[in-house]
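One structure is given below, encoded as structure tokens.
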Amino acid sequence: MIRTRFAPSPTGYLHIGGLRTALFSWLWARKNKGKFLLRIEDTDLSRNSDKAVDAILEAFNWVGMSYDGDAIFQSKRFDIYKKYIDKLLEEGKAYRCYMSREELDTLRAEQMARGERARYDGRYRDFRGTPPEGIKPVIRIKAPQEGNIIFNDGIKGEISIASTEVDDFIIARSDGTPTYNFVVAIDDALMGLTDVIRGDDHLYNTPKQIVVYRALGFKIPNFYHVAMINNEQGKKLSKRDGATDVMEYKNMGYLPEALLNFLVRLGWSHGDQEIFTIDEMIELFDPKNINRSSSNYNLDKLLWLNSHYIKNMSNEKLATLLKEYGVDIVEHNRLNLILNATKERGKTLVELANQINLILKAPKEYDKKSSKRAFRGEAKEILKKFIILLQSWETPLDAPADYHKVLEKFVSDNSIGFGKIGQPLRVGLLGSMRGSGLDEIMAILGVDEVVKRVDRVVATL
RNA sequence: GACCCUUUCAUCUAGUGGCCAAGGAUAUUGCGUUUUCAUCGCAAAAACAAAGGUUCAAAUCCUUUAGGGGUCGCCA
């Protein structure tokens, strides 16, 4: 059975990079009817925040991802790690190192000056003497000193790193608390993970974790290192260009299905397919089709996807969602008309809400440029005449098609083009030259409201 | 600086030695539809980082160079 995990450290909100790796892991588990587990990496006791955990769960909930079982908190598993540290110590696979921080700093500076990769030199590896006084030791694991550490990455292929590049890294701090690479390996093993999908900023941690796996005799899982998401300029993502809280996307009016569709195609592909329902993603996802190279974050496509999902969403569901964006038309008897007239004009729910308000709320002012164009010539007379025709119409006016008949009769009676009435009428009703179809607008507003708005604008001309 | 990863249109990508004078999508531009805007339809422009090899044949394999990213913590 496939078992994957998402293992964030609770230092802040969830951003799209994290959401994407979580998505990949989640899809892979769901596709294989396996388990997707959540683990909170909070071993650094000074940097924890419960809020951060809530933020992650809120984001998961919004996009509809769920994890199996209970979330695991590393901070509650210190006794387990301690046991393994003692075991390694006993077996001589780990040792106490009495090097002071100052000594370490000096060593690193020297190595860097020589143009080497900074790494611990193993001076206490076989230490048998009397420990220096006043130093609380750290515990280091014995890494291999020769050969290469090789593993097969599911995305990048065989990765080989010289053992000389991997030092005897610290597995327990001088205060006794365990460190990241140690606990990750233990938990990944104990949680029975078969596939670890994570960002390729962890690529260099993998050989270290393999050292732990081997020392403890654990089975090594499959690793998949997904390349980073960069900004449009190909640089590291910053808060300005995408590394914002996932929930910000909700505030900006994006649909979760659009965001997931966007993210799944960032680095992964299934031939030429662009649109994926969640079920399709689950069915088709395979980490072997993840791209090796990093991808650039670009909002255009997300916007396009979002408008696609808005256009294809049921009116009932849209209406419900719109309540959070300041528009409540759930009980409106023209609900379908309103959304059919506007949903192609809003790329986000925020824009859609604006479009709806544009119709539902009488214009407070009339766009200058539009007015200038629309209200020239005989516009005033034409509007007056149109109102008369509208009010004297004999058959009931209900559907957009009914209003269309009125418009048709009006232009033919007066031998004018649609534009002659369309432009002033539109500006009179909406305050702007652009917007939904007049037939729909009038059907939504009804005769009385149309007359009211036109009267008002006529009075200003 | 050292080590590791990576490099196809502006962007996301298809492509695993011949089907590629490189396909799709977004964005852009033009045309059409429309009373406006949007949607939609059609079309255009747009890329194998560079140089050397290997091969009958290379976007695909190898080497070097250049660009980008990551890592070098008693952070995760």
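Each chain gets a letter, A, B and so on, in the order its sequence line appears, and its residues count up from 1.
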With sequence neighbours left out, what residues match A/K343 under side chain to side chain donor-acceptor pair (under 3.5 Å)? A/N315

Would you tell me if any nitrogen or oxygen in the side chain of [X] comes within less than 4.0 Å of OP1 or OP2 on [N]?
X      : N     : answer
A/N296 : B/G69 : no
A/R108 : B/C74 : yes
A/K301 : B/U13 : no
A/K343 : B/A38 : no
A/R101 : B/C74 : no
A/S436 : B/U36 : no
A/S294 : B/C5  : no

Along RNA chain B (nearest heavy atom to each residue), the more 5'-positioned of A/K288 and A/Q423: A/K288

Heavy-atom nearest nucleotide on RNA chain B for A/G422 versus A/S160: which residue maps closer to 5'? A/S160

Need the pair for [N]. Rule: Watson-Crick or G-U wobble, both distances under 3.5 Å, any strand; none if unpaired.
N     : answer
B/A76 : none
B/C61 : B/G53
B/C3  : B/G70
B/C31 : B/G41
B/C19 : none

As a quick check of understanding, evaluate salt bridge (Lys or Arg N to Asp or Glu O under 4.0 Å) for A/E381 and A/K385, giving each step before the final call. CA-CA 6 Å; A/E381 297 311 311; A/K385 271 196 209 166; over 6 Å; no

Kindly indicate, with the supporting measurements, whether the criterion salt bridge (Lys or Arg N to Asp or Glu O under 4.0 Å) is fulfilled by A/E274 and A/R265. CA-CA 7 Å; A/E274 296 287 348; A/R265 283 287 288 107; 3.3 Å; yes

I want to check a possible cation-pi pair here: A/R117 against A/Y204, using under 6.0 Å from ring centre and within 45° of the ring axis as the test. yes

Taking the side chain of A/R434 as heavy atoms from C-beta outward, which of B/A14, B/C37, B/A76 is closest to it? B/C37

Compare the minimum distances between each of B/C4, B/G69, B/A76 and the side chain of A/Y180, then state the nucleotide with the smallest one. B/A76

Starting from C1' on B/U39, measure out to CD on A/E344 and report it in whole angstrom. 4 Å

What is the separation between atom CD on A/E274 and atom P on B/U11, rounded to the nearest whole Å? 16 Å

Quick one: do A/D187 and A/R77 make a salt bridge, cutoff under 4.0 Å? yes

Taking atom types as they are modelled, would you say the side chain of A/N230 forms a donor-acceptor pair with the base of B/G69 within the 3.5 Å cutoff? no

